[in-house]
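Taking it in order: structure first as C-alpha cells, then the write-up.
The analysis underlying the following values was restricted to heavy atoms, covering all of them including side chains, and did not include hydrogens, waters or symmetry mates. Computed from a predicted structure; not experimentally measured. Letters A, B, ... mirror the listed sequences (proteins, then strands); counts begin at 1.
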2 protein chains.
Amino acid sequence: MSAARAGDELTLALALDDAALASRVRELLGPVAGIRLVDGAEDADIVLSDGRAAAAAELNLTARERDVLALLAEGASNKVVANRLGISVHTAKFHVRSLLEKLDATGRTDAVAHAARLGVIDL
Amino acid sequence: MSAARAGDELTLALALDDAALASRVRELLGPVAGIRLVDGAEDADIVLSDGRAAAAAELNLTARERDVLALLAEGASNKVVANRLGISVHTAKFHVRSLLEKLDATGRTDAVAHAARLGVIDL
DNA sequence: TCCGGCCCTAGCCGTTCGGGCAGGTGACGG
DNA sequence: CCGTCACCTGCCCGAACGGCTAGGGCCGGA
C-alpha cells in the first residue's frame with residue numbers, strides 16, 4: 001500500500017465480484033495513459049471494488065492470516081493449523097487472535113461466518 | 001416419513017431453490033389426481049428436490065437442531081445457546097452433539113461451514 | 001540508523017468444548 | 001400397551017480454546 005509519487009503511473013487493482021463488470025472496466029481503463037491495472041490489492045495505489053469486496057479489502061489480512069482463516073473454515077484446531085503450516089501451536093493461536101480482532105469475532109466459528117459474509121472465503 | 005398405502009393420495013413435498021421452477025412444478029402437478037402437494041418434507045411420501053436441497057433434506061434436522069444451528073452460526077457458546085432457547089447448558093450440548101453427527105463435523109465451526117455449503121443456513 | 005509491521009515462539013490461566021454415560025418426560029403410531 | 005422419537009437434564013473428564021504478557025528475527029521505509 002505505497003503512496004503514489006507524482007509523475008508515476010497510478011496502479012489500479014480491481015476487486016469486483018461481477019466478472020462482466022470487471023471486464024468492462026478493464027476495456028475502458030486499460031488504454032488510459034498514466035494508469036496501470038494490476039492484480040492483487042496489496043501493491044496497488046487504488047482499489048476499485050464493490051461494497052462487499054471493499055469491506056474485505058479493508059480488513060488488511062496478512063498472507064498468513066488468510067492461510068489460517070482457510071484452515072479454520074475447514075474446522076481445523078490450533079494444533080492442526082500448526083502442523084499444516086509448519087509452525088508452533090502458539091503461533092497458530094497468535095494468528096487466530098489477530099483474525100478474531102480484524103473480523104470482530106468472538107470465536108473461530110464467528111470469524112468463519114463473518115469472513116464468509118464478507119466474501120473473504122468461499123465455503 | 002410414513003409409507004404411502006395403496007389407494008391413498010401420494011403426498012409430494014417440493015424442496016427447490018429455484019422459485020420459478022417450483023411454481024412451474026406446482027402448476028403441472030397440482031391438478032393431477034391422486035397426488036397432493038404439501039409443505040414440509042417431514043410428512044411427505046416423496047420429496048422433489050434439486051441436488052443441494054436434497055442433501056439438506058436428508059439431514060433430517062429437528063426443529064430444535066435448526067434453532068441451535070442458527071445460533072452456532074452467530075458464534076454463540078453453549079451457554080448463550082442455552083439462555084436464548086431457555087434450556088440448560090446440558091441440553092444445548094446435547095443438540096450440538098446431534099448436529100455434529102448429522103453434519104459429519106468435527107466441531108461447531110466445521111458444522112456451520114458444512115451447513116452453509118449445504119444451504120441449510122444462510123450466512 | 002531507527003521505527004514499524006509481519007512473523008514467529010513461549011508460558012500461564014480460566015473458560016469452553018466435546019465425548020461418554022445414564023437417565024426422565026410427553027407425543028405419536030403400530 | 002408398548003416401542004420409538006424428539007426433547008430435556010445431569011455429571012465426569014481430557015482436550016481445546018481464548019486472553020494475557022513478553023519476548024526475538026527479518027525487512028522495508030522514513
**Message:** Out of the candidates Arg108(B), His95(B), Arg84(B), only one should pair with Val68(B) under the side chain to side chain contact (heavy atoms under 4.5 Å, CB included) rule; please name it.
**Reply:** His95(B)
**Request:** Would you please test Leu61(A) and Leu99(A) for side chain to side chain contact (heavy atoms under 4.5 Å, CB included) and show each step?
**Result:** CA-CA 8 Å; Leu61(A) 295 186; Leu99(A) 281 171; 3.9 Å; yes
**Among dA10(C), dC7(C), dT9(D), the one nearest His90(B) by side-chain distance** = dT9(D)
**Item:** salt bridge (Lys or Arg N to Asp or Glu O under 4.0 Å) involving Lys93(A) - partner list, sequence neighbours excluded
**Value:** none
**Prompt:** With respect to the phosphate group of dT9(C), does any side-chain polar atom (N or O) of Ser88(A) fall under 4.0 Å of OP1 or OP2?
**Reply:** yes
**Prompt:** Are Thr62(B) and dC7(D) close enough that a side-chain N or O sits under 4.0 Å from OP1 or OP2?
**Reply:** yes
**Asked** When you check every protein heavy atom under 4.0 Å of nucleotides 14-28 of chain D, what one-letter string (B, S, -) results, 5' to 3'?
**Response** --SSBBB--------
**Asked** Is Thr91(B) reaching over with its side chain to a backbone N or O of Phe94(B), donor-acceptor style, under 3.5 angstrom?
**Response** no
**Message:** Between Arg64(B) and Leu85(B) (side chain of the first, backbone of the second, donor and acceptor by atom type, cut-off under 3.5 Å), is there such a pair?
**Reply:** yes
**Prompt:** Looking only at side-chain N and O atoms, does His95(A) come under 4.0 Å of OP1 or OP2 in dC8(C)?
**Reply:** yes
**Asked** Hey, what do you get for CG (Asn78(A)) to CD1 (Ile87(A)), rounding to the nearest 0.5 Å?
**Response** 9.5 Å
**Request:** Grab the CD-P distance between Glu65(B) and dC8(D) for me, whole Å please.
**Result:** 10 Å
